[in-house]
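For reference, the structure is listed below as structure tokens.
Keep in mind that the numbers below use all heavy atoms, side chains included, and drop hydrogens, waters and symmetry copies. Given the structure is predicted, the values throughout are model-derived calculations rather than measurements.
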Amino acid sequence: MLTIDEAFPSALTAVIRYDDPEVAFDACLAAAHGGIQTLEVTRAVPDHLDVIRRLREATGGPVGVGTVMEPSQAEAAAAAGAAFVVTPVLLPDVAAACRELDILCVLGALTPSEIHIALRAGAGLVKIFPIASVGGPRYVQLVTAPLGRIPIWVSGGVSIEDVPAYLRAGVRAIGLTDAVFAPDALKARDYDAIRQAAERAGALAPVA
């Protein structure tokens with residue numbers, strides 16, 4: 001199993017959701033060329049496991065699978081060489097499968113109770129999602145005040161401009177979806193715009 005620092009050498013993860021696997025692949029390459037070292041390919045991408053294999057070969061960096069909902073999907077991710085799996089909701093059975101598979105698990109949660117349960121279930125990181133709808137960095141500060149230092153991933157409505165505030169709030173990982181992979185850029189196959197967005201984000205997030 002990769003450590004958190006190995007899977008997330010900086011705080012940033014570029015998260016792709018798109019209905020064309022070739023565009024998704026090329027967009028992820030553009031984000032990697034822009035300096036974002038960790039990529040997440042969600043299961044919404046057709047042939048997502050093949051895209052992950054190709055990205056691992058092309059970039060040499062950590063690539064994970066997003067929107068994992070079942071232990072069998074974690075097994076498929078591990079077989080494809082994924083560095084981690086990410087769930088959108090609290091799924092202790094996926095965390096248990098990840099322990100057996102020796103793969104890093106990022107469990108989705110939202111409330112303080114869910115966050116606590118995710119940690120007890122063995123999550124390597126707890127993904128607070130959708131973070132923008134519950135208060136952003138201030139929510140992180142309020143949650144961690146009683147719970148202590150928690151390895152947190154935030155995603156869901158995070159902008160590039162938000163990155164410094166989340167880092168000050170103590171999060172370990174930040175998932176950037178539309179902020180890097182803008183829908184208009186994907187539709188136009190404007191990979192230079194994606195690379196530039198990745199560069200702007202990377203300038204705000206130090207390497208671990």
Side-chain angles (χ1 to χ4, degrees), residues 1-68 73-74 76-88 98 103-108 124-125 127 129 151-156 158-160 163 166 171-183 185-186 189-208:
M1 180 191 299
L2 294 184
T3 67
I4 292 174
D5 286 347
E6 289 169 336
F8 303 95
S10 87
L12 302 181
T13 300
V15 182
I16 186 73
R17 295 188 187 96
Y18 201 63
D19 59 5
D20 184 320
E22 291 306 316
V23 173
F25 174 78
D26 289 337
C28 283
L29 281 185
H33 291 157
I36 295 183
Q37 299 177 57
T38 302
L39 303 169
E40 177 193 329
V41 180
T42 69
R43 293 181 56 257
V45 176
D47 300 320
H48 64 282
L49 295 177
D50 182 60
V51 172
I52 286 166
R53 292 185 188 98
R54 292 168 60 198
L55 286 171
R56 289 181 56 241
E57 182 177 348
T59 69
V63 185
V65 180
T67 323
V68 170
Q73 295 165 359
F84 55 91
V85 301
V86 184
T87 74
C98 288
I103 186 171
L104 184 64
C105 182
V106 183
L107 279 186
L125 288 167
K127 171 181 154 182
F129 169 84
I152 288 175
W153 164 318
V154 292
S155 65
V158 179
S159 72
I160 290 173
V163 167
Y166 281 113
V171 307
R172 179 59 187 82
I174 300 170
L176 297 173
T177 308
D178 290 355
V180 170
F181 301 117
L186 290 172
R189 304 191 182 192
D190 187 350
Y191 302 120
D192 191 52
I194 292 169
R195 178 188 56 78
Q196 291 175 7
E199 288 176 347
R200 291 198 304 274
L204 300 174
V207 175

To the nearest 0.5 Å, atom SG of C28 lies from atom CD1 of I194 at 8.5 Å
Nearest heavy-atom contact between I103 and A82 is CD1-O, 3.4 Å
For A14 and V180, the nearest pair of non-hydrogen atoms, with its separation, is CB-CG1, 4.5 Å
Heavy-atom nearest pair, A80 first then L49, reads CB-CD2, 3.9 Å
* Check: L104 and L2 side chains under 4.5 Å, non-hydrogen atoms -> no
Checklist line | Check ion pair E57-R53 (N to O, under 4.0 angstrom) | finding: no
| V163 vs Y166 side-chain heavy atoms within contact, under 4.5 Å | no
Nearest heavy-atom contact between G175 and V158 is O-CB, 4.0 Å
So CD of Q37 and CG of L12: to nearest 0.5 Å the spacing works out to 9.5 Å
**Message:** Any side-chain to backbone donor/acceptor pair from T42 onto I16? Under 3.5 Å, distance only.
**Reply:** yes
How about S155 and V15: do any of their side-chain heavy atoms sit closer than 4.5 Å? no
Interatomic distance, CD1@I52 vs CG@L39, rounded to 0.5 Å, equals 9.5 Å
When rounded to the nearest 0.5 Å, the distance separating CG of L204 from CZ of R200 is 10.0 Å
**Message:** Looking at D5 and R172, is any side-chain nitrogen of the basic one under 4.0 Å from a carboxylate oxygen of the acidic one?
**Reply:** yes
By salt bridge (Lys or Arg N to Asp or Glu O under 4.0 Å), R43 pairs with (sequence neighbours left out) none
Please verify the inter-ring angle class for F84 with F8; under 30° counts as parallel, over 60° as perpendicular, anything in between as tilted. tilted
Note: P46 and P21 closest approach over all heavy atoms is O-CB, 3.2 Å
Rounded to the nearest 0.5 angstrom, the CG-CD distance for L55 and E40 is 12.5 Å
Closest heavy-atom pair, A173 versus L125, reported as atoms and distance to 0.1 Å, is CB-CD1, 4.2 Å
Distance col, row T13:OG1 vs K127:NZ, nearest 0.5 angstrom, shows 10.5 Å
Note to self: Apply side chain to side chain contact (heavy atoms under 4.5 Å, CB included) to residues V23 and Y191 and explain how you reach the verdict.
What the structure shows: CA-CA 9 Å; V23 173; Y191 302 120; 3.8 Å; yes
Does any non-hydrogen side-chain atom of D26 lie less than 4.5 Å from one of R189? no
Check: D50 and R54 side chains under 4.5 Å, non-hydrogen atoms
yes
**Prompt:** Is there side-chain contact between Q73 and V65, with at least one heavy-atom pair below 4.5 Å?
**Reply:** no
Can you find a pair of side-chain heavy atoms, one from S10 and one from T38, that are under 4.5 Å apart?
no
